[in-house]
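Residue numbering restarts at 1 for every chain, and letters A, B, ... go by the order of the sequence lines. Reckoned from all heavy atoms, side chains included, excluding hydrogens, waters and symmetry mates.
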There are 2 protein chains.
Amino acid sequence: MPDHPHASPAGTLIAAHGGRLTRTRVAVLEVLLAAGQSLTHDEIGVALSRNGIKHDRVTLYRTLDWLVGAGVAHRMIGNDRARRFGVAVSGPHEHPHFHCDRCGKVVCLEGAQPAVAVSLPGGYRLDRTELLLHGVCASCDKGP
Amino acid sequence: MPDHPHASPAGTLIAAHGGRLTRTRVAVLEVLLAAGQSLTHDEIGVALSRNGIKHDRVTLYRTLDWLVGAGVAHRMIGNDRARRFGVAVSGPHEHPHFHCDRCGKVVCLEGAQPAVAVSLPGGYRLDRTELLLHGVCASCDKGP
DNA sequence: GTGTAATTGCAACATAGTAGCATTTGACGC
DNA sequence: GCGTCAAATGCTACTATGTTGCAATTACAC
């Protein structure tokens with residue numbers, strides 16, 4: 001394992017949120033940073049194993065919960081009812097998502113959330129809106 | 001139990017889709033029609049029991065699958081990662097949904113989906129967009 | 001180095017949904 | 001009405017996803 005974990009971007013990010021710097025946290029965050037897209041617990045677990053990081057299923061869940069609580073990562077629910085995690089790039093999570101109906105991949109779209117005007121029933125209070133685009137991603141569209 | 005199941009709106013709807021008219025199907029569809037909002041399998045199960053309809057958990061899943069396959073009902077995933085079912089009122093499911101973050105209730109909003117312009121990465125193909133509004137519903141906002 | 005509270009790892013539990021298969025039953029022809 | 005038969009049901013058992021409790025370990029402050 002690297003002997004200067006504080007030097008990595010992941011380590012810096014964790015320290016900045018007052019968390020203890022542990023093997024699993026650094027590794028998970030590095031996976032998320034490298035992925036550039038949302039991943040399920042399972043995909044993250046596989047990536048950790050590939051990187052030679054021994055870990056427990058529960059620890060992974062708790063690590064991700066901590067990352068979400070610290071505002072470092074965000075969580076969303078896919079059509080397959082599995083939660084997906086990604087790094088929270090810019091504060092509140094106010095940008096559209098694209099969900100590939102073929103492979104289940106979820107990517108964050110860069111453009112800001114377009115303002116939408118919807119009439120809510122009386123008494124309802126709106127906190128935030130989430131725009132989800134469904135379709136087929138580039139890699140799935142090429143291959144069969 | 002009623003002795004003329006074909007006479008009910010639920011019975012007519014089922015027959016129109018070439019399905020067999022069974023106790024569970026009629027009862028489930030009646031519950032959905034009466035609800036006016038999306039329900040989880042569990043909520044539907046409770047409603048069935050209240051109506052004195054004996055049923056099995058698996059049968060309920062399969063009944064709901066059939067209803068979705070026949071285009072009579074639609075399915076969506078809530079933040080609690082449970083599937084919710086509702087009657088498909090108007091063909092494709094192209095209207096916004098409101099999700100109450102307090103009680104988890106999901107309601108279909110009547111207004112049509114506003115057109116949104118989002119730039120998709122190259123090679124991505126868009127099928128449909130889903131607009132999800134998060135907030136607190138009227139009944140949750142009143143009571144603590 | 002030592003103390004201590006945050007993390008981890010394990011086992012058990014919980015919830016949502018699916019699969020296989022024997023039994024029951026709705027629809028249809030008679 | 002009565003028999004036939006595939007569709008639908010009701011079991012049991014299983015998978016997948018996620019959570020809880022608790023004892024052992026470990027990062028960090030001193």
Sorted by chain and residue number, the side chain to side chain contact (heavy atoms under 4.5 Å, CB included) partners of B:Asp65 (sequence neighbours excluded) come out as B:Arg75
Just how far, in rounded Å, is C1' of C:dA6 from CD1 of A:Ile14? 14 Å
On a plain distance test, is the side chain of B:Arg62 in donor-acceptor contact with the base of D:dG10 below 3.5 Å? yes
Of the listed nucleotides (D:dA8, C:dT7, D:dT17), which one gets closest to any side-chain atom of A:Tyr61? D:dT17
Any A:Arg83 side-chain nitrogen or oxygen under 4.0 Å from OP1 or OP2 of D:dT19: yes
Distance test, side-chain N/O of B:Thr24 to OP1/OP2 of D:dA8, below 4.0 Å: no
Could you go through the side-chain contact (heavy atoms from CB on, under 4.5 Å) check for B:His74 and B:Val68 one step at a time? CA-CA 5 Å; B:His74 59 80; B:Val68 170; 5.9 Å; no
C:dA6 base to A:Arg20 side chain: any donor-acceptor pair below 3.5 Å? yes
Starting from the C-alpha separation in whole Å, work towards a yes-or-no answer on side-chain contact (heavy atoms from CB on, under 4.5 Å) for B:Arg83 and B:Thr40. CA-CA 6 Å; B:Arg83 295 185 175 162; B:Thr40 62; over 6 Å; no
Check if the side chain of A:Arg57 and the base of D:dG18 share a donor-acceptor pair of N or O atoms closer than 3.5 Å. yes
Could you tell me whether the phosphate oxygens of D:dA7, OP1 or OP2, come under 4.0 Å of any side-chain nitrogen or oxygen in B:Arg23? no
Rounded distance in Å - CH2 (A:Trp66) to C1' (C:dT7): 12 Å
Got a sec? Which of residues 40-49 of chain B come in under 4.0 Å of DNA chain C, heavy atoms? B:His41
Would one find more than 12 heavy atoms of other residues, nucleotides or ligands at under 6.0 Å from atom CG of A:Asp42? no
Between B:Thr63 and D:dT9, is there a side-chain N or O to OP1/OP2 distance below 4.0 Å? yes
Please state how far atom NE2 in A:His55 lies from atom P in C:dT7, giving the value in whole angstrom units. 18 Å
Hey, do the aromatic rings of A:Tyr61 and A:His41 have their centres closer than 6.0 Å? yes
A:Glu43 versus A:Val46: any side-chain heavy-atom pair under 4.5 Å? no
Under 4.0 Å between any heavy atoms, over every strand shown, what does A:Thr59 touch: base, sugar-phosphate, or nothing? Just pick one. base
Would you say a side-chain N or O of B:Thr22 is under 4.0 Å from OP1 or OP2 of D:dT9? yes
